[in-house]
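Structure record follows, encoded as structure tokens.
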Amino acid sequence: KTGEKKFLWRSLNYLQLYFLSRTRMDWDYYFTKAQVFESLKFYGRALNLYRISFLKSKSDEMKIKTPIGILRTAVFLRKKYLLDTYFILISTEKLKPEEEREIQFIKGLILFHDGKYKEATRYFLKTYRQYESYLLDNPEYYFLVAENLYRAGNLKLSEQLFRRIISLTKDKLAIRKALLRLGDIELAKGNEKLAVTYY
């Protein structure tokens with residue numbers, strides 16, 4: 001939530017200590033380590049760990065959470081074949097409402113990365129309206145939703161979302177990027193003085 005990388009690096013140190021004290025690692029270990037690497041934007045490492053955790057999945061919940069992690073990292077790595085495979089796999093599972101909403105967000109994320117901003121808007125707006133808590137927990141994703149609206153030409157709603165990011169999140173990088181985009185929006189509206197204030 002805060003975007004503070006030092007806590008993530010520290011958690012990796014603790015996971016390493018845990019690894020040294022055990023002979024066999026379970027699903028929790030690999031899944032948690034994958035989440036940490038994903039948060040640090042080491043998507044390749046995260047994907048490998050998610051795939052190992054998938055092999056160690058025992059419960060239905062594990063068999064759903066792990067493919068969702070694989071899908072998220074596969075989007076950033078642009079691994080289309082993995083997206084197709086795991087979407088098919090997850091479509092056979094009974095998902096909880098929050099898992100369905102996360103899948104909806106991932107579909108929007110895929111379209112965003114393909115440059116299909118208007119098509120992505122449909123999925124992102126559903127996430128914003130139905131599952132804003134997910135975006136608040138992941139400020140970078142919240143920024144992507146607002147950025148998508150900006151690129152799709154919906155300046156009014158994107159401005160509203162950028163303001164919400166600034167007021168509701170604690171991730172300093174997301175806040176800085178939102179401020180820059182608010183400057184761009186004011187510049188597009190012809191408010192040069194206000195744009196300079198944001199910049």
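Every heavy atom of this structure was used, including side-chain atoms; hydrogens, water molecules and symmetry mates were not.
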Applying side-chain contact (heavy atoms from CB on, under 4.5 Å) to Leu168 and Glu132, what does each step give before you reach the verdict? CA-CA 11 Å; Leu168 298 175; Glu132 189 182 19; 4.1 Å; yes
Between Gly183 and Ala195, which heavy-atom pair has the shortest distance, and what is it? O-CB, 3.3 Å
Please find the pair of heavy atoms, one from Lys56 and one from Asp26, that lie closest to each other, and give the distance. CD-C, 4.2 Å
Where do Phe37 and Leu47 land on the side-chain contact (heavy atoms from CB on, under 4.5 Å) test, with the steps shown first? CA-CA 9 Å; Phe37 275 120; Leu47 179 60; over 6 Å; no
Which atom of Ser57 lies closest to which atom of Met62, heavy atoms considered: OG-O, 3.6 Å
Is it true that atom CG of Asp60 has more than 12 heavy atoms of other residues, nucleotides or ligands lying nearer than 6.0 Å? no
So, Glu159 and Lys189, do they make that salt bridge, N to O below 4.0 Å? yes
Just verifying a value: how many Å separate Gln130 CD and Thr127 OG1, rounded to the nearest 0.5 Å? 7.5 Å
To the nearest 0.5 angstrom, please state how far the NZ atom of Lys65 sits from the CD atom of Glu61. 4.5 Å
State whether Glu102 and Arg72 are salt-bridged, where the test is any N-O pair (Lys NZ or Arg NE/NH1/NH2 against Asp/Glu carboxylate O) under 4.0 Å. yes
What is the distance from atom CG of Leu49 to atom CD1 of Ile70, rounded to the nearest 0.5 Å? 10.5 Å
Can you check whether Asp184 reaches Tyr199 side chain to side chain, under 4.5 Å on heavy atoms? yes
Is there a side-chain contact between Leu71 and Val75 in this structure, where contact means two heavy atoms from C-beta onward sitting under 4.5 Å apart? no
To the nearest 0.5 Å, what is the distance between CG on Leu144 and CD on Glu147? 7.5 Å
Ile165 versus Pro139: any side-chain heavy-atom pair under 4.5 Å? no
dist Asn148:CG -> Leu125:CG (nearest 0.5 Å) comes out at 8.5 Å
Measure the acute angle between the ring planes of Phe54 and Tyr86, then classify it against the limits of 30° and 60° as parallel, tilted or perpendicular. perpendicular
Measure the shortest side-chain to side-chain distance between Gln35 and Phe31 over non-hydrogen atoms and say whether it is less than 4.5 angstrom. yes
Starting from the C-alpha separation in whole Å, work towards a yes-or-no answer on side-chain hydrogen bond (donor to acceptor under 3.5 Å, both in side chains) for Glu38 and Tyr50. CA-CA 10 Å; Glu38 183 183 354; Tyr50 278 131; 2.5 Å; yes
Does any non-hydrogen side-chain atom of Tyr150 lie less than 4.5 Å from one of Phe162? yes
Identify whether the distance between the nearest side-chain nitrogen and carboxylate oxygen of Glu100 and Lys96 falls below 4.0 Å. no
Do Trp27 and Thr66 get their side chains close enough for a donor-acceptor pair, meaning under 3.5 Å? yes
Work out which heavy atom in Leu187 is nearest to a heavy atom in Glu192; give both atom names and the distance. CD1-CG, 4.0 Å
Please answer: with hydrophobic residues joined when any side-chain heavy atoms are less than 4.5 Å apart, are Leu15 and Trp9 in the same cluster? yes
State, yes or no, whether a side-chain contact exists between Phe87 and Ile103 at a heavy-atom distance under 4.5 Å. yes
Going by atom types only, do Tyr30 and Arg51 share a side-chain donor-acceptor pair under 3.5 Å? no
Pair Lys107, Glu119 - check salt bridge (Lys or Arg N to Asp or Glu O under 4.0 Å), show working. CA-CA 10 Å; Lys107 288 178 180 176; Glu119 293 96 323; over 6 Å; no
Let me confirm one number: the NZ-CG distance from Lys177 to Asp171, rounded to the nearest 0.5 Å. 8.0 Å
Hey, is Arg101 close enough to Glu98 for a salt bridge, meaning N to O under 4.0 Å? no
By the definition side-chain contact (heavy atoms from CB on, under 4.5 Å), identify the one residue from Phe143, Tyr128, Phe124 that meets it with Leu161. Tyr128
If I compare all heavy atoms of Ala74 with all of Leu83, which pair ends up nearest, and what's the gap? CB-CD2, 3.9 Å
Measure the shortest side-chain to side-chain distance between Ile90 and Lys63 over non-hydrogen atoms and say whether it is less than 4.5 angstrom. no
Main chain of Leu89, side chain of Thr92: is a donor-acceptor contact present, judged purely on distance under 3.5 Å? yes
Does Thr121 reach the side chain of Asn154, with side-chain heavy atoms less than 4.5 Å apart? no
Test your reading of the model: is there a side-chain donor-acceptor pair from Asn138 to the backbone of Glu140, 3.5 Å cut-off? no
Measuring centre to centre across the rings, with the benzene-like ring taken for any Trp, is Phe105 within less than 6.0 Å of Tyr123? no
Is it true that a side-chain atom of Thr32 and a backbone atom of Tyr29 form a donor plus acceptor pair closer than 3.5 Å? no
Check step by step if side-chain contact (heavy atoms from CB on, under 4.5 Å) holds for Leu149 and Lys156. CA-CA 9 Å; Leu149 288 166; Lys156 188 176 179 182; over 6 Å; no
Checking the side chain of Asn191 only, and the main-chain atoms of Leu194 only, is there a donor and an acceptor separated by less than 3.5 Å? no
So, Lys193 and Glu186, do they make that salt bridge, N to O below 4.0 Å? no
